[in-house]
Amino acid sequence: MNEVGRQQLDIAKQHAAAVTATLNAVNAYAEWAPLSNLSKYGIIHGCGFLLSSPDFHLHACEFFKLVSPRKRPVDDSASDFDSAMSSIIQILMNVSREFLVRSSPAGGAIDESDYEFVEYVCESMVSLGSSNLQCIVGDSTTFSLYLQQMLGFFQHFKLALHYKSLQFWLVLLRDAMSKPKLSVHSSGDGLTATNVDSTLAQVDEEKRKILSFLNDDICSTILDISFQRMLKKEKLMTETALSPGILELWSDDFESKGDFGQYRSRLFELIKFIASNKPLVAGAKVSVRIIMIIKSLLNSPMPAQDLAVMESMQMALENVVISIFDGSNEFAGGSSEVHLALCRIFEGLLRELLSLNWTEPALVEVLGHYLEAMGPFLKYFPDAVASVINKLFELLNSLPFIVKDPSTSSARHARLQICTSFIRIAKAADKSILPHMKGIADMMACLQREGRLLRSEHNLLGEAFLVMASTAGIQQQQEVLAWLLEPLSQQWIQIEWQNNYLSEPLGLVGLCSERAFMWSLFHTVTFFEKALKRSGTRKGNSNLQNSSTAISTPHPLASHLPWMLPPLLKLLRGIHSLWSPSVFQMLPGEIKAAMSMSDVEQSSLLGGGNPKLSKGALTFVDGSQFDMNKEGYIKPNEADIRNWLKGIRDSGYNVLGLSTTIGDPFFKCIDIDFVALTLIENIRSMEFRHTRLLVHSILIPLIKSCPLDMWEVWLERLLHPLFVHCQQALSCSWSSLLHEGRANVPDNHGILTGSDLKVEVMEEKLLRDLTREICSLLSTIASSGLNASLPSLEHAGHVGRVDTSSLKDLDAFASSSMASFLLKHKSLAIPVLQISLEAFSWTDSEAVTKVCAFSAAVVLLAIFTNNVDLREYVSRDLFSAVIQGLALESNAVISADLVSLCRDIFIYLCNRDPGPRKILLSLPCISPNDLHAFEEALTKTASPKEQKQLMKSFLLLATGNNLKALAAQKCVNIITNVTGKHSIFH
């Protein structure tokens, strides 16, 4: 290159650098400078011109990306804003039009480097439509072209462009279909009822105008693309006539954009919006595509391998059907013509589904899902219910009854799935299914007589029956329950098996060798659980009216509790005893091994997703997972026993917890000594994971439902041993975690061998889980529903003063306040108050949040009672512990509540006890004069908010800004080990 050429190149580089620097400067102003000024001085025009330059278009596009979401001002500059925004709209639409023409099949090739630029353009177009649609809608021609271009991006084969435009269509439809809201304030702004009506009418008119542009063609295109894109690339095994073709499907490589499940849920939301607005279009589209898929599968030599496309469409069908037939949209109040047309569409689709004679398990399972999806349609067209029920039984009978080969367990999975379909259809079809209950019962009885219905399948069908009965009233529920439970009771109440297996701890060893009987008991317990979940109407949390309000209609299961619960309590007591040292050492090796955690439990503790389950594992809608192979063939003994122990414990605890919500019938039909023996006898041998489950599933529901007149009998017997043990165990484990870096929980049977780091993580998670559950129990005890007589600080009169002559004994509140009842009994109060104190020093903000609620109730009782011990505890121990809690950064998220506790304690108790002042004077950076000035400041305001701010500022000053929870600028939740703790006290 000669000298002249080099000089020209240098000049060009200087010009390019100058342009780039100018664009960077412009972009710095783009977010805040008045849009009218950007237009007036030609910046918008200049950046628009540079969009055509490959060297500068990315920088120029950044400008439009920044100005597109700018909000329209409400002052006199609004018209100038609209004018400038219209210029931006025209510039971006011109660029979009050129790209969409070039990227069409007839437009030639697009350079791959152009797509980054077009993504910026598309993002700006989305911002325009989401934030400044009013500037586009005003011109019908412009709005129509804009929608066509956004549709072009949505149906583009490039996933990134489609993905960005999806957000626009969601926002557009969500806003257009939502009901207008207008806040009316009585602040003298002249807004009258007439003005409100006029404004609402105007908003309605704008929404109708937008919807009028969303014609059938646009909606059809959106549905077509959405249906095709609901499939992940990795799921598509073979290319078929129904494959998306050139569309770039979501793949694992695209995960940086987000989660596929979240993306697909947005597609479903879009489909539901269109189905609500254009039910005939959506119904016809989904029906035609499914019928095409079915015909393609019927012509396929290996339909099971080509099943992915049909599986992806099942959820689309479900969303369309729900949107149309949920009773709140077009169908409920639409015209008879629309009703008739929709009826024809879905009857035709249902006819196609019912005509399929698939017997391969994978195909049967998918067909069952499709019939489930039609459930809401059956609610309005009951004539089709009988044919669907018959088809489900036909599918069930087409599958092998006993699977001896584990590799072919898909048939068992499909059988269970078909039985689950009965439940879902019963829910969706509502009363339309009631006339067919007898037919279903007769078929169940026939299959049982012929030995072609396993217990797990019978349980699911029985649950479907309970769902049906729930729509027919309590009497029908009682009849159904009697019919379903009577055969179970014959085995369950037999004294022989209880004597053989439950009379002494090692009896369970014999039970675990009787596979069929062992799993029969499991299915009985799980059906009790399902029956309790599906029957009756349980009360809310408050039980304070139990003693005065008679329930006119008894719970349909109330009369069954006396025979259901005693054998269950014996069974659970036997399982609990396995963990006691004296029994554990005598157990055979396979049972000891079975007492350890499953891979699923360990993975959950480690924070990962569930490990890949075997083909024989099935997770149902209620979240419970069990191994379905237990009835078909013999599995390895250890895993079988582990599944059984976990299943009995989980379901058994749920049965007891749900039974307590029935109220008086539970507490009067069972002996507290029997219950305490079962639940508490081996509490010290329990692993943390089991104690947590016991508290969560049984004890929390029990204290919510326990009648007032039974608190004395029930609560002390159950809670005292629990609190004493948990206080000691949690204190020891937290001390180990905070000072040695490892929790050392007692779950030595549960945690299998593994790396030291994994074991430490699992131990810490177990410790935190139990800590949170115990604190949740305390929070429940302090809940308003269980403390009706507990006064609030509003009753204290003048802020900081309580009339001491009006103070009462704890007994005065104990009859209707569970927190007061607990504090009145020292055997309960001592361990509970110790847990409360220590919890503030444990680095777990979730636990502290819950214990704060309990501590607040304790503070109230200290203020309003004359109990000296309680007042001293709150004024000294609790006040000190709360301030110590503020020293932990992990408590930043709950710092406001901690400061509030400090404020309440100091203001209401400092004149009745020297403790609060002594605690504050012990802080390192405070003098008596500082404290005096602080108290003076408190007396000058009666605002609790201002007093809390004064308390916060004073504590920061008094500790030398050493309270990390207050100093933190953002909320944090520490989950890592903390090995040391710095004291802020002298």
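Numbering starts at 1 and runs along the sequence shown.
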With rounding to the nearest 0.5 angstrom, report the [atom1] to [atom2] distance, [X] to [Y].
X	Y	atom1	atom2	result
Q491	L488	CD	CG	8.0 Å
H560	L484	NE2	CG	9.5 Å
Q448	L454	CD	CG	10.5 Å

Side chain proximity check, [X] to [Y], heavy atoms < 4.5 angstrom:
X	Y	result
I294	L353	yes
Q228	R289	yes
V171	D175	yes
L317	L349	yes

Donor-acceptor pairs are to be reported for all side-chain atoms of residues 467-477 against protein atoms at under 3.5 Å, with residues two or more places apart or in another chain.
from : atom 1 : to   : atom 2 : distance (Å)
S470 : OG     : V467 : O      : 2.5
T471 : OG1    : M468 : O      : 2.7
Q477 : OE1    : G536 : N      : 2.8

Item to check | Residues L371, L350; criterion side-chain contact (heavy atoms from CB on, under 4.5 Å); working and verdict | outcome: CA-CA 8 Å; L371 295 176; L350 184 58; 4.0 Å; yes
For [X], check ring-ring contact (aromatic ring centres under 6.0 Å, His included) against everything at least two apart and list the hits.
X	value
F168	Y146
F273	none
H162	F154, Y263
F213	F143

Item to check | Partners meeting side chain to side chain contact (heavy atoms under 4.5 Å, CB included) with I345 (sequence neighbours left out) | outcome: L280, A284, S287
Next on the checklist: Closer than 4.0 angstrom, basic N to acidic O: yes or no for E529 and R534?
Outcome noted: no
Next on the checklist: What I want to find out is whether K533 reaches E463 closely enough, with some N-O distance under 4.0 Å, to be called a salt bridge.
Outcome noted: no
Item to check | Within the 6.0 Å centroid threshold, strictly below: F346 and F325 | outcome: yes
Item to check | Between F527 and F522, ring centroids under 6.0 Å | outcome: no
Checklist entry - What residue pairs, at least two apart or across chains, pass ring-ring contact (aromatic ring centres under 6.0 Å, His included) with a residue in residues 424-471? => result F465-W483
Item to check | Sequence neighbours excluded - side-chain hydrogen bond (donor to acceptor under 3.5 Å, both in side chains) pairs with any residue from residues 340-359 | outcome: none
Item to check | Check against salt bridge (charged side-chain N to carboxylate O under 4.0 Å, His left out), E318 and R424 | outcome: CA-CA 12 Å; E318 184 173 305; R424 292 172 178 157; over 6 Å; no
[Y] backbone acceptor or donor facing [X] side chain under 3.5 Å:
X	Y	value
S603	D599	no
W169	L270	no
K391	L354	yes

Checklist entry - Crowded around K209 NZ? As in, over 12 foreign heavy atoms under 6.0 Å? => result yes
Under the side-chain hydrogen bond (donor to acceptor under 3.5 Å, both in side chains) test, residues paired with [X] that sit two or more places apart:
X	result
N397	R452
K278	D216
Q478	none
D224	K285

Next on the checklist: I'd like to know if the side chain of S130 pairs up with that of Q167 as donor and acceptor (distance under 3.5 Å, no hydrogens or angles considered).
Outcome noted: no
